[in-house]
J.: 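Right, I'll just put the structure down here and ask away after.
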Amino acid sequence: GDSVTQMEGPVTLSEEAFLTINCTYTATGYPSLFWYVQYPGEGLQLLLKATKADDKGSNKGFEATYRKETTSFHLEKGSVQVSDSAVYFCALREAGTALIFGKGTTLSVSS
Amino acid sequence: EPEVTQTPSHQVTQMGQEVILRCVPISNHLYFYWYRQILGQKVEFLVSFYNNEISEKSEIFDDQFSVERPDGSNFTLKIRSTKLEDSAMYFCASSEEGTSGGFEQFFGPGTRLTVL
């Protein structure tokens with residue numbers, strides 16, 4: 001069945017460092033891909049999405065490109081801030097209504 | 001900004017007891033969902049609900065679980081005869097649409113269920 005694999009965390013960075021969180025997926029068709037973020041004590045919030053191959057989702061300085069040839073949707077940010085410290089979830093939706101999530105990657109940014 | 005709310009934030013129960021987790025979805029949304037996350041594991045889909053009936057469910061959502069929209073605002077998840085392995089964070093979500101490609105599900109902050 002469909003699945004999502006994310007890099008294991010935690011990821012610890014200094015402020016202004018470059019961030020990459022890897023995400024690969026397995027799907028039979030053409031899923032929509034998502035990154036959700038969870039700040040401490042809050043629910044999951046949609047960070048960005050891409051609905052077809054080669055689409056680039058972007059928001060708040062974060063970007064991810066839907067790469068069908070490598071079945072990947074890696075999250076990147078050029079310069080992280082302390083306020084970016086959170087748990088990041090990669091997810092897909094293919095058919096139906098269910099989102100399929102990865103395990104989440106904890107990002108900790110220090111000043 | 002409208003948001004999904006969940007109560008309680010933490011529920012402790014004894015094994016074998018019934019629990020009801022409550023959610024208030026965003027008011028103009030039509031699709032409602034429950035997910036759970038066992039500590040250290042993936043967020044897992046349980047069920048989606050539309051037009052007063054279940055539209056999709058996972059293999060986790062067995063006869064122990066039920067969902068209901070008892071009035072125009074609440075959406076509940078009932079777990080009958082809780083087991084230790086039901087201990088998890090339960091997330092409610094809602095969306096305007098269900099199956100269009102880029103729809104967004106809005107999540108609540110979660111209810112942490114601890115079964116002793």
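All of these numbers come straight from a predicted model, not from anything done at the bench. Here is the naming used below: chain letters follow the sequence lines, and residue numbers restart at 1 for every chain.
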J.: With a 3.5 Å distance limit and no angle check, can you tell me whether A:Ser72 reaches the backbone of A:Thr24 through a side-chain donor-acceptor pair?
T.: no

J.: Tell me whether A:Tyr30 at atom OH has more than 12 heavy atoms from other residues, nucleotides or ligands lying less than 6.0 Å away.
T.: no

J.: Please state whether the rings of B:Tyr31 and B:Tyr33 are parallel, tilted or perpendicular, taking 30° and 60° as the class boundaries.
T.: parallel

J.: Is a donor from one side chain sitting under 3.5 angstrom from an acceptor on the other, for A:Glu15 and A:Ser111?
T.: no

J.: Let me check something: do B:Val67 and B:Phe65 share a hydrophobic cluster, defined by ILVMFWY side-chain heavy atoms less than 4.5 Å apart, either directly or through other members?
T.: yes

J.: Looking only at heavy atoms, which of residues 8-27 of chain B get nearer than 4.5 Å to chain A?
T.: none

J.: Taking heavy atoms only and a threshold strictly under 4.5 Å, list by residue number the residues of residues 38-46 of chain B that touch chain A; give 'none' if the list is empty.
T.: B:Gly40, B:Gln41, B:Lys42, B:Val43, B:Phe45

J.: Check whether more than 12 heavy atoms from other residues, nucleotides or ligands sit under 6.0 Å from atom CD of A:Glu16, and answer yes or no.
T.: no

J.: Under the rule for side chain to side chain contact (heavy atoms under 4.5 Å, CB included), what residues qualify as partners of A:Thr28, not counting sequence neighbours?
T.: A:Asp2, A:Glu94

J.: For chain A, which residues from residues 80-93 of chain B lie under 4.5 Å away (heavy-atom distances)?
T.: B:Phe91

J.: Checking A:Gln38 against chain B: side chain, backbone, both or neither under 4.5 Å from a heavy atom?
T.: side chain

J.: Testing the 3.5 Å rule here: is there a donor-acceptor pair between the side chains of B:Gln105 and B:Tyr35?
T.: yes

J.: Determine yes or no for a side-chain-to-main-chain donor-acceptor pair under 3.5 angstrom, with A:Thr106 supplying the side chain and A:Val87 the backbone.
T.: no

J.: Around A:Lys68, counting heavy atoms of other residues, nucleotides and ligands shown, do more than 12 lie under 6.0 Å from its NZ?
T.: yes

J.: Quick one: do B:Leu77 and B:Phe61 satisfy side-chain contact (heavy atoms from CB on, under 4.5 Å)? Show the steps, please.
T.: CA-CA 11 Å; B:Leu77 174 69; B:Phe61 194 88; 3.9 Å; yes

J.: Answer yes or no: is there an ion pair linking A:Lys56 with A:Glu63, defined by an N-O contact shorter than 4.0 Å?
T.: yes

J.: Going from CZ on A:Phe89 to CG on A:Leu99, what distance comes out if it is rounded to the nearest 0.5 angstrom?
T.: 12.0 Å

J.: Heavy-atom pairs under 4.5 Å with chain A: which of B:Gly110, B:Gly108, B:Pro109 has the most?
T.: B:Pro109

J.: Indicate the ring-plane relationship of A:Tyr25 and A:Tyr66, choosing parallel, tilted or perpendicular according to the 30° and 60° boundaries.
T.: perpendicular

